[in-house]
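Single-structure report; data block below.
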2 protein chains.
Amino acid sequence: MEGNCYSSPVAKRQSRKTGGGCKRSVCPIANVLDLVGDKWTLLIVRDLLFMGKRRYREFVESPEGIPTNILADRLKRLEAGEFVTKAPYQTNPPRYTYSLTPKGADLKSVLLAMIAWSGKHVPGARKPPAKFMKGM
Amino acid sequence: MEGNCYSSPVAKRQSRKTGGGCKRSVCPIANVLDLVGDKWTLLIVRDLLFMGKRRYREFVESPEGIPTNILADRLKRLEAGEFVTKAPYQTNPPRYTYSLTPKGADLKSVLLAMIAWSGKHVPGARKPPAKFMKGM
DNA sequence: CCTGTAACTTGCGAAAGACAAGTCACAGGC
DNA sequence: GCCTGTGACTTGTCTTTCGCAAGTTACAGG
C-alpha cells in the first residue's frame with residue numbers, strides 16, 4: 001500500500017541524492033511542492049507569465065536578484081519537467097528564449113491565488129499593474 | 001526607490017543571517033514565497049486545513065515524513081507569522097494544539113489551485129476524498 | 001522503579017544556496 | 001588585428017539549511 005496524505009502513519013524517507021524526480025506522496029499538494037516548492041522557481045514562472053520575460057538576462061535582472069547558478073539550474077529543471085521550452089533565437093552564438101508550455105502556464109491560477117492572498121494579508125504588497133494582468 | 005517585480009534592474013541582496021523577516025521585493029508572489037515558499041510549510045497548512053490535524057505527532061505521521069526539527073521550526077515560524085495559533089489543551093505536562101488563524105486559512109485558495117493543477121498535470125495524483133473537501 | 005508517550009532539542013554529515021569570478025563565442029569600434 | 005562589450009552560462013568557495021538519529025523533559029500507568 002502506498003503512502004498518501006489521506007492515510008496517516010506511513011513515513012517513507014528517500015535520499016535526496018536520487019534527484020528531484022521522486023514524489024514524497026501521492027498528495028496533489030505535495031506533488032506540486034515537489035516540482036516548484038522552493039523560493040525561486042515560481043518567480044521565474046511569474047516573470048514568464050506576467051512580465052513577458054523570455055531571456056536569461058531578463059530573469060537575472062528581476063528585483064529579487066536570483067543567483068545565476070540557481071537560475072541555470074531552475075531553468076534546466078523547468079525544462080526537464082516540461083514547464084518551459086527553450087528555443088534558439090539565433091544560432092551563432094547559440095542564444096535561447098524560454099517560454100511556458102500549457103502545463104507551466106496553468107500555474108497561473110496558483111500565482112493568482114497568491115496575489116489575492118498577498119493583497120489581503122501583506123501590508124506593503126503591490127498589486128500588479130493592469131497591463132500585466134491582461135487576459136485573466 | 002524600492003525594487004519590485006515591475007521595475008527591472010534592481011538587485012538588492014540581503015544576508016540570510018538576519019532571519020526570514022525581510023522581503024526580497026514588493027512583488028506579492030515573492031512575498032508569499034518569502035513566507036511559505038519551501039517544501040514543508042504548506043504541507044503543515046494542508047494538514048491543518050484539510051486533514052483536521054492539530055497536534056505535533058499528527059504532523060509527524062503525515063506520509064511525507066517531515067523531520068521533527070524542521071516541523072518544530074516551521075511551527076514556530078507559522079506562529080510568528082500569525083498563520084497558526086498555539087493553545088494548551090493540558091497544563092501538566094504542557095501540551096498544545098495548533099490551529100489556523102483566518103490569515104492561514106486564507107491560503108486555502110492557493111492549495112485548491114495546486115490541487116486543481118495536479119489533477120490536470122500529475123498522472124498519479126489522488127484527488128482529496130469529498131469528506132476532506134467539505135465547505136468549499 | 002520501570003516502561004511508555006508527547007513534544008521537542010541537539011548534533012552532525014550532506015546538500016543546497018549565495019556570491020564572485022571565469023569562460024566562450026561573437027559583434028562592433030579603432 | 002586587437003580591444004572592449006554582451007549574453008548565457010559554469011566554476012569555485014563559503015555559508016546556510018536540510019535530513020536523520022538520538023537525546024531530553026515531564027508526566028502517566030503498572
Side-chain angles (χ1 to χ4, degrees), chain A residues 8-9 11-22 24-25 30 33-44 47 53-79 84 86-98, chain B residues 8-9 11-22 24-25 30 33-34 36-41 43-44 47 53-79 84 86-98:
Chain A
S8 288
K12 264 187 301 208
R13 316 229 171 198
Q14 53 226 351
S15 80
R16 293 270 159 267
K17 257 176 224 165
T18 58
C22 52
R24 286 178 293 181
S25 73
L33 295 174
D34 284 341
L35 295 166
V36 300
D38 72 280
K39 275 189 162 22
W40 294 110
T41 305
L42 286 178
L43 291 182
I44 298 172
D47 282 349
K53 299 186 176 183
R54 333 224 115 228
R55 274 134 95 134
Y56 194 90
R57 176 123 308 251
E58 298 181 287
F59 301 128
V60 169
E61 284 166 353
S62 285
E64 292 84 11
I66 186 170
T68 58
N69 56 344
I70 305 272
L71 175 57
D73 175 76
R74 293 303 186 275
L75 286 173
K76 250 175 228 148
R77 286 197 208 188
L78 284 169
E79 208 193 342
V84 308
K86 191 180 180 180
Y89 65 89
Q90 69 179 44
T91 49
N92 235 335
R95 289 294 128 91
Y96 304 95
T97 55
Y98 298 90
Chain B
S8 288
K12 265 188 301 205
R13 311 221 177 205
Q14 54 226 352
S15 81
R16 292 273 160 265
K17 256 176 225 165
T18 57
C22 50
R24 285 178 292 180
S25 73
L33 294 174
D34 284 340
V36 300
D38 72 281
K39 274 186 161 28
W40 294 110
T41 304
L43 292 182
I44 298 172
D47 282 349
K53 299 186 177 183
R54 331 225 117 227
R55 293 179 181 195
Y56 193 90
R57 175 122 309 252
E58 297 182 287
F59 302 128
V60 169
E61 284 165 353
S62 283
E64 292 84 11
I66 185 170
T68 58
N69 56 343
I70 305 270
L71 175 57
D73 176 76
R74 293 301 186 276
L75 285 172
K76 250 176 228 148
R77 286 198 208 188
L78 283 170
E79 209 194 339
V84 308
K86 191 182 183 180
Y89 65 89
Q90 70 179 43
T91 49
N92 235 334
R95 289 296 126 90
Y96 304 95
T97 56
Y98 297 90

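FYI, side chains are in, hydrogens and waters are out, and symmetry mates aren't considered; it's all heavy atoms of this structure. Predicted model, so just to flag it, every value in this text is computed and none were measured.
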To the nearest angstrom, how far is [X] atom [atom1] from [N] atom [atom2]?
| X | N | atom1 | atom2 | answer |
| --- | --- | --- | --- | --- |
| B:Phe59 | C:dA6 | CZ | C1' | 14 Å |
| A:Gln90 | D:dT6 | CD | P | 15 Å |
| B:Glu64 | D:dC18 | CD | P | 16 Å |
| A:Asp34 | C:dA16 | CG | C1' | 16 Å |
| A:Ile66 | C:dA20 | CD1 | P | 15 Å |
| A:Glu61 | D:dC9 | CD | C1' | 15 Å |
| A:Leu71 | D:dA8 | CG | C1' | 10 Å |
| B:Tyr96 | D:dA26 | OH | C1' | 12 Å |

(request) Would you kindly compare B:Tyr89 and A:Asp73 by the position of their nearest DNA chain C nucleotide and give the one closer to the 5′ end? (result)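 It is B:Tyr89, whose closest nucleotide lies nearer the 5' terminus.
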
(message) Need to verify one output field. Residue with the more 5' nearest nucleotide on DNA chain C, A:Asp38 or A:Pro94?
(response)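 Nearest nucleotide further toward 5': that of A:Asp38.
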
Tell me whether the side-chain N/O atoms of [X] come closer than 4.0 Å to OP1 or OP2 in [N].
| X | N | answer |
| --- | --- | --- |
| A:Trp40 | C:dA18 | yes |
| B:Tyr98 | C:dC8 | yes |
| A:Arg74 | C:dG17 | yes |
| B:Lys76 | C:dT9 | yes |
| B:Lys39 | C:dA15 | no |

Heavy-atom closest contact ([X] atom, [Y] atom, distance):
| X | Y | result |
| --- | --- | --- |
| A:Glu64 | B:Ala30 | OE2-CB, 3.5 Å |
| A:Phe59 | A:Lys53 | CE2-CB, 3.9 Å |
| B:Pro67 | B:Trp40 | CD-CZ2, 3.9 Å |
| B:Ser62 | B:Asp47 | OG-OD2, 2.6 Å |

(request) Answer yes or no: side-chain N or O of A:Arg95 and base N or O of D:dA8 forming a donor-acceptor pair under 3.5 Å. (result)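 Result: no qualifying N/O pair found.
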
(message) Tell me whether the side-chain N or O atoms of B:Asn69 pair up with the base of D:dC18 as donor and acceptor below 3.5 Å, since no angle test is needed here.
(response)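 When only heavy-atom distances are counted, B:Asn69 does not reach the base of D:dC18 through any donor-acceptor pair under 3.5 Å.
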
(request) Identify, with sequence neighbours excluded, every residue that meets salt bridge (charged side-chain N to carboxylate O under 4.0 Å, His left out) alongside A:Arg74. (result)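 Result, salt bridge (charged side-chain N to carboxylate O under 4.0 Å, His left out) vs A:Arg74: A:Asp38.
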
(message) Looking at A:Asp34 and A:Arg24, would you say the former's side chain and the latter's main chain have a donor-acceptor pair under 3.5 Å?
(response)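 Such a contact is found between A:Asp34 side chain and A:Arg24 backbone.
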
(message) B:Tyr56: which residues meet the side-chain contact (heavy atoms from CB on, under 4.5 Å) condition with it, sequence neighbours left out?
(response)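 Only B:Val60, B:Thr68, B:Leu71, B:Ala72, B:Leu75 meet the side-chain contact (heavy atoms from CB on, under 4.5 Å) criterion with B:Tyr56.
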
[X] has a side chain; which of [options] sits nearest to it?
| X | options | result |
| --- | --- | --- |
| B:Arg55 | C:dA7, C:dC8, D:dG19 | C:dA7 |
| B:Thr68 | D:dC20, C:dT9, C:dA7 | C:dT9 |
| B:Ala72 | C:dC8, C:dA18, C:dA7 | C:dC8 |

(message) To the nearest 10°, give me the bend of the helix from C:dC1-D:dG30 to C:dC30-D:dG1, comparing the axes of its five terminal pairs at either end.
(response)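 Axis-to-axis angle, ends of the helix: 0°.
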
(message) Quick one, A:Tyr89 with A:Arg54, criterion side chain to side chain donor-acceptor pair (under 3.5 Å). Give me CA distance, side-chain angles, the key distance, then yes/no.
(response) CA-CA 11 Å; A:Tyr89 65 89; A:Arg54 333 224 115 228; over 6 Å; no

